[in-house]
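Residue indices begin at 1 and follow the sequence shown. Side chains are part of it too, since the values below use all heavy atoms of this structure and drop only hydrogens, waters and symmetry mates. We count ligands from 1, going down the list as the structure has it; atoms in each ligand are counted the same way.
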Amino acid sequence: MEWHEILIRYGEISLKGRNRSLFVRKLKNNIKSAMLDLKSIQLHAERDRMFLVAESSDDLQQAIFRLPHVFGIQSFSPVAQCSADLESIQQKAVEVIGSAETEGKTFKVEVKRQDKDFPMVTSEIQREVGGYVLSKFPGLVVQMKKPDIVLLVDIRKEGAFLTSEVIKGAGGMPVGSNGNSLLMLSGGIDSPVAGYQMMKRGMSIDAIHFASPPYTSELAQRKVMDLTERLCSFGASVRLHVIPFTELQQAIVKQIPANLSMTTTRRMMLKVADLVREEIKANGLITGESLGQVASQTLESMTVINEVTSTPILRPLIAMDKLEIIAIAQQIGTYDISIRPYEDCCTIFTPSSPKTKPKLEKVHYYESFFDFNPLIEEAVRNRTVIEASELIEDVEAFDSLL
Ligand code: ATP
Ligand code: MG
């Protein structure tokens, strides 16, 4: 059969009151923007579920491909609707089951009777609908435990809704329903995953990247743009701020002893990021740090780096193993981009043995000989801001050259 309707079930059902209406409103907007080019699609949101209706069945197929990426959806199902009487339900059930392979398959009917005025009880409806379907498809075998096909029938006042397929959604909360933050995005494996994790919790994000031309190349920037574009596919537009970091790094190399220059570099990055965050009115910063992974990611080191700001720094990967992070990167499609070779601004200027337990007093002491603030402000002012729409167009243009 041709489907024209999808039933969307929300995640986070424990949400109450105002939060719920914000959640539903954001989810509706995000689905809408993920389907912008599919002209025949309309959305009808209710308190506890949403319907996506498409006149064109091609549009509906496309929607089925895209919905699993949108946060805030627990699961969804293509549904058929009919009036809430036994005969109509039986006819519709045959149409729905007929759209799948039935020979030798196991099967059961599950009925939810929300309309308590419906003249039959659940077990009766199950029996009547199941019996009718079996009479039309003799190849089916009834099985209560883990059958191949479950026909779900939801009987409500406004009609009966039938479906035989439940597709898993991305879970989480709609992007934009839980504040906004600035993601520090390197070209590595971790930071895109960190951004994804916070988007999954409903945060909208901007990304900031530190580049040190000519020591870092165009290709390194290309990579970060591609990563940002990937993050955009999760139902939100992500803007990218590229910071010219060369002068600050040169000053650091000149002023700070080699074994502390990594610490100061991180501190300066954080100061710049915090100023950009303030300008775009974001609430927090996000990094891809994971405890103990490298010298700058010990608790002692993070404490000294963190000292430059009281802004909350979210580190969703802090307790994760590299292999777990890689598994997510692969699943969300950032891994292949992240492993492209590139020069990171930090690694170029960093000594081979940075301190794992830097002392704050020493860092303050060496930083006190030079006023870094003018360079910090200049870096913020001279940044390049790339809008999500430019990223997407750019990637398409780039791909067409390949
Ligand atoms: P990643 O895989 O995200 O690069 P990493 O394990 O290599 O992380 P570091 O290079 O120490 O760790 O970086 C720690 C965090 O600092 C990164 O996850 C990222 O949030 C931020 N960061 C590092 N380099 C940059 C950069 N060039 N631009 C923006 N943020 C950066
Ligand atoms: Mg890195």
With a 4.0 Å cut-off on N to O distance, would you call [X] and [Y] a salt bridge?
X    : Y    : result
D115 : K157 : yes
D274 : R277 : yes
E110 : K108 : yes

Of all the atoms in ligand 1, which lie at a distance below 4.0 Å from a heavy atom belonging to [X]?
X    : value
T287 : 20 (O)
G188 : 1 (P), 2 (O), 4 (O)
S191 : 1 (P), 3 (O), 18 (O), 19 (C), 20 (O)
I208 : 29 (C)
M269 : 24 (N), 25 (C), 26 (C), 27 (N)
G288 : 17 (C), 18 (O), 20 (O)

Is there a polar contact, in the sense of an N or O pair closer than 3.5 Å, between [X] and ligand 1?
X    : value
I189 : yes
Q297 : yes
F210 : yes
M184 : yes
R266 : yes

Side-chain donor/acceptor of [X] to backbone N/O of [Y], under 3.5 Å:
X    : Y    : answer
K281 : E278 : no
T106 : P147 : no
T216 : S212 : yes
R315 : S290 : no

### Query
Does anything in residues 143-197 pair up under ring-ring contact (aromatic ring centres under 6.0 Å, His included), and if so which pairs, sequence neighbours excluded?
F51-F161, F71-Y196, Y196-F234
### Message
Nearest non-hydrogen contact with atom 31 (C) of ligand 1 belongs to which option: G187, A207, S186, A220?
### Response
S186
### Query
atom 7 (O) of ligand 1: which of I243, D190, V242, V193 has the nearest heavy atom?
D190
### Query
Is the closest side-chain heavy-atom distance between V53 and H44 below 4.5 Å?
yes
